[in-house]
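Values below: every heavy atom of this structure, side chains too, minus hydrogens, waters and symmetry copies.
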Amino acid sequence: MNLTTALDARDATVCVVGAGGKKSTLFALADRLDRAVVTASVRIPIFDDRVAAVRVTEDPVAAIEEAGDGDWPLGLVPERERSDRYLGYDTETVSEIADAAPGATLVKADGARLREFKAPGDHEPQIPAAADVVVPIASAHVVGEPLTEELVHRPEEVAAITGREIGSEIRPADVATVLASPAGGLKGVPGDATAIPVVNKVDDEADAAAARKIAGEIRFRANVPRVLLTRLTAEDPVVEVVE
């Protein structure tokens with residue numbers, strides 16, 4: 001199963017949340033889909049080199065209508081906040097983008113400060129009502145590592161969801177508990193959207209073994225159609241699909 005099929009991404013509004021591969025997911029999909037839009041409902045690092053064109057505009061619908069054949073995949077953002085990042089649109093505007101887009105709309109819907117694993121804060125995620133698919137993501141590399149800020153964004157929130165202590169060793173069950181939780185990876189998923197969790201950075205057999213345990217626990221805990229094991233920077237990003 002290829003990435004676009006496994007994530008039900010064709011002509012869909014796909015929102016990616018979590019940590020350890022959000023942007024890689026967006027750009028891997030954008031490279032594989034026809035006339036995709038890449039945007040955000042939160043801050044997003046500069047990504048001009050990952051798409052054909054970026055339009056900084058308060059009228060993204062007009063930018064879609066004016067896009068030429070060479071502008072796809074098209075990045076849309078409202079403002080450049082500083083040299084290394086853009087701001088995102090409010091969720092209502094993202095829904096308008098999705099309505100106007102000729103293909104898939106790919107949305108970064110929360111932040112993780114370059115960590116490998118996270119749980120959302122009070123104001124997160126920012127998922128538009130138009131979302132068809134929500135992709136909660138975590139890195140397999142956190143298994144066996146301590147639950148601290150070095151690799152985890154908001155470790156106190158992860159601890160609250162899992163019942164674990166700060167500094168304790170992260171287990172596959174802990175990653176699964178967060179990704180499958182309504183307070184974690186499934187937070188804010190619209191009732192008519194599909195959640196498809198991803199365990200990324202499956203780089204070797206040890207990662208794969210940990211990721212399979214995570215996937216099995218997620219399937220036990222949550223009503224999701226499948227869990228993807230991925231190496232999103234690879235030419236073929238899907239390592240395994242657990243259904």
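Both Val38 and Val133 are part of a single hydrophobic cluster, where members link through side-chain heavy atoms under 4.5 Å apart. With hydrophobic clusters built from ILVMFWY side chains whose heavy atoms lie under 4.5 angstrom apart, Val198 does not share a cluster with Leu186. A continuous path of hydrophobic side-chain contacts links Ile214 to Val227 [ILVMFWY only; heavy atoms under 4.5 Å]. A continuous path of Ile, Leu, Val, Met, Phe, Trp and Tyr side chains, each step under 4.5 Å between heavy atoms, connects Leu29 with Val54, placing both in one hydrophobic cluster. Residues Leu3 and Leu26 share a hydrophobic cluster, clusters being chains of Ile/Leu/Val/Met/Phe/Trp/Tyr side chains in contact below 4.5 Å.
Under the 4.0 Å criterion applied to side-chain N and carboxylate O atoms, Arg231 and Asp236 are not assigned as salt-bridge partners. Ionic pairing of Arg82 and Asp84 is present here: one or more N-O contacts between side-chain nitrogen and carboxylate oxygen are shorter than 4.0 angstrom. Using a 4.0 Å cut-off between a side-chain N of Lys or Arg and a carboxylate O of Asp or Glu, Glu217 and Arg221 qualify as a salt bridge.
Results of the side-chain hydrogen bond (donor to acceptor under 3.5 Å, both in side chains) test with Asp110 over Gln126, Lys118, Arg43 single out Lys118 as the only residue that passes.
The CG atom of Leu228 sits 10.0 Å away from the CG atom of Asn200 when rounded to the nearest 0.5 Å. A distance of 5.5 Å separates CD1 in Ile196 from CG in Leu7, rounded to the nearest 0.5 Å. We find the CG-CZ distance between Leu74 and Arg55 to be 6.5 Å, quoted to the nearest 0.5 Å. Note that OG1 of Thr105 and CG of Asp99 are 8.5 Å apart. Values are rounded to the nearest 0.5 Å. Here the CZ atom belonging to Arg212 is positioned 7.0 Å from the CG atom belonging to Leu229, to the nearest 0.5 angstrom. In this structure, Ile44 CD1 and Tyr89 OH are separated by 11.5 Å, a value rounded to the nearest 0.5 Å.
Nearest heavy atoms, Leu33 versus Ala104: CD1-CB, 3.7 Å. Here the shortest heavy-atom pairing between Val51 and Pro73 reads CB-O, 3.4 Å. Closest heavy-atom contact between Ile64 and Ala100: CG2-O, 3.6 Å. Taking every heavy atom of both residues into account, Ala140 and Val202 meet most closely at CB-CG2, 4.4 Å. Annotation for Cys15 and Pro128: closest pair SG-CD, 3.5 Å, computed over non-hydrogen atoms.
Put simply, the side chain of Tyr86 does not reach to within 4.5 Å of the side chain of Thr39, judged on heavy atoms. Side-chain contact between Glu165 and Leu147: absent, with no pair of heavy atoms (C-beta onward) separated by less than 4.5 Å. In this structure the side chain of Asp90 reaches within 4.5 angstrom of the side chain of Thr93, judged on heavy atoms. Side-chain contact check for Thr177 versus Arg164: every heavy-atom pair is 4.5 Å or farther apart.
Judged purely by distance below 3.5 Å, without hydrogens or angles, the side chains of Asp59 and Thr57 never pair a donor atom with an acceptor atom.
Within the 3.5 Å criterion, the main-chain N or O of Ala193 finds no donor-acceptor partner in the side chain of Asp132.
Listed by chain and residue number, nothing satisfies the side-chain contact (heavy atoms from CB on, under 4.5 Å) test with Asp34 (two or more places apart in sequence, or in another chain). Under the side-chain contact (heavy atoms from CB on, under 4.5 Å) criterion, Glu243 pairs with Met1, Arg226, Val241, not counting sequence neighbours.
Each side chain to side chain donor-acceptor pair (under 3.5 Å) pair with one or both residues in residues 147-160, not counting sequence neighbours, appears once here: Glu124-Arg154.
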